[in-house]
Participant: 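Attaching a single structure in structure tokens format; questions to follow.
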Amino acid sequence: MIAVGALSPGQHLDETELATRFGVSRTPIRETLIQLASMGLVVIRPRRGAIVAELGPQQLVEMFEVMSELEATCGRLAARRMTPEEQQVLLDAHRACKDACEAQEPDDYYYKNELFHEAIYAGSHNQFLIEQARNLYRRLRPYRRLQLRVRNRLGKSYEEHDGVVNAIIDGDGDLAARLLREHVMIQGQRFADLMASLPQLNKPAAG
């Protein structure tokens, strides 16, 4: 729910309400909130309960900066280490992104995009790196999802994927790393567009 924006940054998380919603006792809800807090997705405040974590502009830039380097490293290693079967998984994920892009379905593209990046992580064959990339990806999910709604971003994202795929299949690790770094890093106008879109993320979810 945090990842898809149903729970917005800064929103209070009421244990009783969540327990009722999911039909469980408060104990598993409390344990889940503790887990989410360890991932940085939730902030637990003494005597005031939990809220969805909020990221300021500076922290957001820093996290995307680290994310871009982690993905660049995954891409460089994947270009050297991917098996033919793993390359096929990447190509399939890339085609699924194309279908979602052509249908102009940003939410569908978001889920297919996640599988695309996951295929690159897996192809690095470095378990520690994969875990770090996944953890940070999870924290940035709402923001990565939101930036796909910025005008023309969907088509541009797919074009960038295309270059990454070709570099990995060709075994060009340095090019794959550079393209992934540029793909993930939010700079200049893209960051301004993302920040301008943040009020959308803070709107109460419909339904």
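All heavy atoms count here, side chains included; hydrogens, waters and symmetry mates do not.
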Participant: Between R134 and E118 (salt bridge meaning N to carboxylate O under 4.0 Å), is one present in this structure?
Facilitator: yes
Participant: Salt bridge between R144 and E114, side-chain N to carboxylate O under 4.0 Å?
Facilitator: no
Participant: With under 30° as parallel and over 60° as perpendicular, where do the rings of H94 and F116 fit, or are they tilted in between?
Facilitator: tilted
Participant: With a 3.5 Å distance limit and no angle check, can you tell me whether S157 reaches the backbone of R153 through a side-chain donor-acceptor pair?
Facilitator: no
Participant: Classify the ring geometry of H117 against H161: parallel below 30°, tilted from 30° to 60°, perpendicular beyond 60°.
Facilitator: perpendicular
Participant: Are L180 and V66 connected in a single hydrophobic cluster, I mean Ile/Leu/Val/Met/Phe/Trp/Tyr linked by side-chain heavy atoms less than 4.5 Å apart?
Facilitator: no
Participant: Could you tell me whether R95 and D99 make a salt bridge, using a distance below 4.0 angstrom between a side-chain N and a carboxylate O?
Facilitator: no
Participant: Taking all atoms of both residues into account, what is the closest heavy-atom pair of R76 and A177, and its distance?
Facilitator: NH2-CB, 3.5 Å
Participant: Taking the basic N atoms (NZ, or NE/NH1/NH2) and the acidic carboxylate oxygens, is any pair closer than 4.0 Å for R181 and E71?
Facilitator: no
Participant: Using side-chain heavy atoms (C-beta onward) and a distance below 4.5 Å, is E160 in contact with L179?
Facilitator: no
Participant: Honestly curious: do L13 and I44 fall in one hydrophobic cluster under the side-chain, below-4.5 Å linking rule?
Facilitator: yes
Participant: Closer than 3.5 angstrom, by distance alone: can the side chain of R45 be matched with the main-chain N or O of A50 as a donor-acceptor pair?
Facilitator: no
Participant: I want to check something: taking the side chain as every heavy atom from C-beta on, are H125 and E86 in contact at a cut-off of under 4.5 Å?
Facilitator: yes
Participant: According to side chain to side chain donor-acceptor pair (under 3.5 Å), who are the partners of Q132, at least two apart in sequence or on a separate chain?
Facilitator: none
